[in-house]
Colleague: 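Following this message is one structure expressed as structure tokens.
A, B, ... follow the sequence lines: proteins, then strands. Residue 1 opens every chain. What you see is a predicted model, and the numbers here were worked out from it, not measured in a lab.
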Amino acid sequence: MTDVRVRFAPSPTGLLHIGGLRTALYNYLFARRHGGAFVLRVEDTDRERFVEEAEQDILDALAWAGLSYDEGPRIGGPFGSYYQSERKSIYKAYVDRLLAEGHAYYAFDTPDELQAMRDRLTTAENPNPRYDAETRVAMQNGFTMPPADVRARVEGGEAYVVRLNVPAGQAIQFNDIVRGTVVFQSNEVDDQVLMKSDGMPTYHMANVVDDHLMHISHIVRGEEWLSSTPKHILLYRALGWEPPQTAHLPLILSPNGGKLSKRNADKMGIPVNVRQYRELGYEPEALVNYLALLGWNPGIEQEVFSLDELVGVFSLERIGKAGTQYSADKMNWFNQQHLRRLDDSTLAHRVRPDLEAAGLTANDAYVQRVAGLMKDRVTFLRELATTWRFFFEEPAGYDPDGVAKRWKADSPALLEAYAVRLEALPDFTAAACEEQLRLLGEERGAGAGRIIHPVRLAVSGITHGPSLFEMLETLGRDTCVRRLRLAISRLPAPSDAE
RNA sequence: GGCGCGUUCGUCUAGGGGUCUAGGACGCUGGCCUUUCACGCCGGUAACACGGGUUCGAAUCCCGUACGCGCUACCA
């Protein structure tokens, strides 16, 4: 195989979508797997749809996901610029060459004229008339106008576009890595605009020129581009270049099988922009893992992978062909899985902003302990700052159902006795806390549950959570003793208890 | 409409002519563990779109049908 060079080529027209991130991911994995280069190229040829903050969002999303690139914006590289808007003169040179060699031609039709042509030709059987060998003869272009007129118009500064002269009757065949052999007929493709009247290249032109100039070996992109591939092949042929290999990825569908558009997804409460995942508190490792498996599988039973592990097993050959439906349940499951795999210091670091936002403070060592204790019982790290905030502040109240069920007439006395014992403990460990509790139970003739449940309630305010004794150890002696007495003072003993 | 692509449990998928009474994961669900809640473990539920071929034999190969998706711009 020749040197692997792949690219992710987003358009800065909005926030990066998870479909885009998946495309970037597959490119990244393929490049890293083969020791190749991963290039980032900004396809900003559409001035109309350009969104100022989009580029930063894309960069942020890739960095968050851990996808580093070897050449591209900000860092440059040997084939820059990596902004298509800065490469106008390059495209112009190749457009001129196509013009000179008869592979392209000038066209002067105004938008109104184009519309009129389409209106005239549109029928029920042909809802989308092409601008092609058949129809161009009725339009204003290099085929229908004397060369001198064409030259005069161009030199006179009149608005024009350059179109590809699509040859008639050719079969355009290519071998897609995921789809196999695909064939199109040149008669089905229209005379694609290569250069717009504002002097910008179209996607097709810029894409082909850049992929060639940047020595791209494999094009890995979404299936929505499959139908444009014949146009690109025609361009490669006209320019005398060898087209890169292609791999067209199956599309990510919404949970009901439709398109996962922003609008559609919002209605179902599904986040589609990478930024949303970040804001919602998903771990980047989880999104990456989930996206990797959406349309690809390693052929082994393992499902939970780090980015580096994915690099080790990725291959384009194992990409599926069928569109794939998004599942929030599975996404969340991956988040839970990765939470358990991440080390406590990483978790502590990541949950910090959530704690701060919730007005909670704690030193790092303590946050790490809490994270370690809780990581296999949460789906989102930020639950530490909500459901489990009692680790960081006194319980605001006590779960009423828990009180009704667990807070008995003898609870205050038992808890006070337990508090006294905890105060006297030489080593405040989970094992010691448990030993004392059981001893106390025996002495008072009360079952351990008679103490365990009220203690949990007093200390956390709720009736569920991690192992009681580990929780006590984590909270620390002072906090435990204080909270036991706080509960005694706040919760009156029920008089009718048995 | 045309062209292209696709179709295995609800979802993500394994499988590529016999080893498939179709395997795994998510979800849902029964139980075990745990004097809490999770985790974990054991079990259950549930699929080869349909119709024709080819073959001794088809989820696997071929054709057709249906359905879905994509493209059909001076957007990418």
Colleague: For A:L253 and A:L260, run side chain to side chain contact (heavy atoms under 4.5 Å, CB included): C-alpha distance rounded to whole Å, both residues' side-chain angles, the deciding distance at 0.1 Å, then the answer.
Modeller: CA-CA 5 Å; A:L253 275 18; A:L260 189 63; 5.9 Å; no
Colleague: Could you let me know what B:U21 is paired to, Watson-Crick or G-U wobble, both distances under 3.5 Å, or none if it's on its own?
Modeller: none
Colleague: Side chain of A:V182, heavy atoms from C-beta onward: which of B:G70, B:G1, B:G4 has the nearest atom to it?
Modeller: B:G4
Colleague: Could you check how far NZ of A:K408 sits from P of B:U35, rounded to whole Å?
Modeller: 19 Å
Colleague: Could you state the atom-to-atom distance from CG of A:L260 to C1' of B:C12 in whole Å?
Modeller: 15 Å
Colleague: Below 4.0 angstrom, N of the basic side chain to O of the carboxylate: do A:R438 and A:E442 qualify?
Modeller: no
Colleague: Which part of the nucleic acid, if any, lies within reach of A:L226 when heavy atoms closer than 4.0 Å are counted: base, sugar-phosphate only, or nothing?
Modeller: sugar-phosphate
Colleague: Mind checking who B:G43 pairs with, Watson-Crick or G-U wobble, both distances under 3.5 Å?
Modeller: B:U29
Colleague: Of all the choices, B:C12, B:C74, B:C69, which nucleotide is nearest to the side chain of A:L251 once you look at every atom?
Modeller: B:C69
Colleague: If you check every side-chain atom of A:R340, which of B:G70, B:U13, B:G40 has the closest atom?
Modeller: B:G40
Colleague: Starting at the 5' end of RNA chain B, which residue's closest nucleotide do you reach first, A:N126 or A:Q337?
Modeller: A:N126
Colleague: Take the protein atom CE of A:M374 and the nucleotide atom C1' of B:C37, then report the distance between them rounded to whole Å.
Modeller: 9 Å
Colleague: Quickly work out the A:E188 CD to B:C3 C1' distance and round it to whole Å.
Modeller: 5 Å
Colleague: If you look at every strand shown and take non-hydrogen atoms under 4.0 Å, does A:T45 touch a base, only sugar-phosphate, or nothing?
Modeller: sugar-phosphate
Colleague: In the strands shown, is B:C61 matched to any nucleotide by a Watson-Crick or G-U wobble pair with both distances under 3.5 Å, and which?
Modeller: B:G53
Colleague: Looking across every strand, which nucleic acid part, if any, lies under 4.0 Å from A:S11 by heavy atom: base, sugar-phosphate, or nothing?
Modeller: sugar-phosphate
Colleague: The side chain of A:W333 lies closest to which of these nucleotides: B:C26, B:A38, B:G1?
Modeller: B:C26
Colleague: So what's B:C75 paired with, Watson-Crick or G-U wobble, going by both distances under 3.5 Å?
Modeller: none
Colleague: Tell me which nucleotide among B:G4, B:A76, B:U35 gets nearest to the side chain of A:A448.
Modeller: B:U35
Colleague: Give one of base, sugar-phosphate or nothing for A:R318, where a contact means two heavy atoms less than 4.0 Å apart.
Modeller: sugar-phosphate
Colleague: Assign A:R179 to base, sugar-phosphate, or nothing according to its heavy-atom contacts below 4.0 angstrom with the strands shown.
Modeller: sugar-phosphate
Colleague: Mind checking A:V378 for me? I need base, sugar-phosphate or nothing, with any heavy atom below 4.0 Å counting as a touch.
Modeller: nothing
Colleague: Looking at B:C74, B:C37, B:G15, which one has an atom nearest to any side-chain atom of A:P111?
Modeller: B:C74
Colleague: Ion pair present between A:D354 and A:R382, side-chain N to carboxylate O less than 4.0 angstrom?
Modeller: yes
Colleague: Hey, does A:R221 reach any base, or is it just sugar-phosphate, or nothing, if we go heavy atoms under 4.0 Å?
Modeller: nothing
Colleague: Tell me: CE of A:M117 to P of B:U72, nearest whole Å?
Modeller: 15 Å
Colleague: Could you pick out which residue, A:S327 or A:R406, lies toward the 5' side of RNA chain B when each is mapped onto its nearest nucleotide?
Modeller: A:S327
Colleague: Answer with yes or no whether the side chains of A:Q115 and A:D119 bring together a donor and an acceptor at under 3.5 Å.
Modeller: yes
Colleague: In whole angstroms, how far is the P atom of B:C74 from the CG atom of A:N141?
Modeller: 14 Å
Colleague: Of the candidate nucleotides B:A76, B:A38, B:A73, which contains the atom at the shortest distance from the side chain of A:N128?
Modeller: B:A73
Colleague: What is the separation between atom CZ on A:R118 and atom C1' on B:G1, rounded to the nearest whole Å?
Modeller: 16 Å
Colleague: If B:A38 has a Watson-Crick or G-U wobble mate with both distances under 3.5 Å, name it; if not, just say none.
Modeller: none
Colleague: Taking atom types as they are modelled, is there a donor-acceptor pair under 3.5 Å from the base of B:C74 to the side chain of A:S197?
Modeller: yes
Colleague: Looking only at side-chain atoms of A:V193, point me to the closest of B:U72, B:C5, B:C74.
Modeller: B:C74
Colleague: So what does A:D109 hit on the nucleic acid, given a heavy-atom distance under 4.0 Å: a base, only sugar-phosphate, or nothing?
Modeller: base
Colleague: How is A:R130 classified with respect to the nucleic acid when contacts are heavy atoms under 4.0 Å: base, sugar-phosphate, or nothing?
Modeller: nothing
Colleague: Which base, if any, makes a Watson-Crick or G-U wobble pair with B:C3, both distances under 3.5 Å?
Modeller: B:G70
Colleague: Over all strands shown, is A:P10 touching base, sugar-phosphate only, or nothing at heavy-atom distances under 4.0 angstrom?
Modeller: nothing
Colleague: Tell me what A:G295 touches on the nucleic acid: a base, only sugar-phosphate, or nothing, going by heavy atoms under 4.0 Å.
Modeller: sugar-phosphate
Colleague: What nucleotide among B:U35, B:G1, B:U36 has an atom nearest to a side-chain atom of A:E125?
Modeller: B:G1
Colleague: What does A:Y203 touch in the nucleic acid at a heavy-atom separation under 4.0 angstrom: a base, only the sugar-phosphate, or nothing?
Modeller: base
Colleague: Provide, to the nearest angstrom, the distance between the CG atom belonging to A:L194 and the C1' atom belonging to B:C74.
Modeller: 11 Å
Colleague: Tell me whether A:E52 at atom CD has more than 12 heavy atoms from other residues, nucleotides or ligands lying less than 6.0 Å away.
Modeller: no
Colleague: Does the pair A:V220 and A:F8 meet the rule for a side chain to side chain contact (heavy atoms under 4.5 Å, CB included), with working shown?
Modeller: CA-CA 8 Å; A:V220 181; A:F8 176 52; over 6 Å; no
Colleague: Does A:K321 come within less than 4.0 Å of A:E223, counting only side-chain N to carboxylate O?
Modeller: no
Colleague: Pick base, sugar-phosphate or nothing for A:D329, based on heavy-atom distances below 4.0 Å to the nucleic acid.
Modeller: sugar-phosphate
Colleague: Could A:R421 and A:E443 be called an ion pair, given the rule that one side-chain N must be under 4.0 Å from one carboxylate O?
Modeller: yes
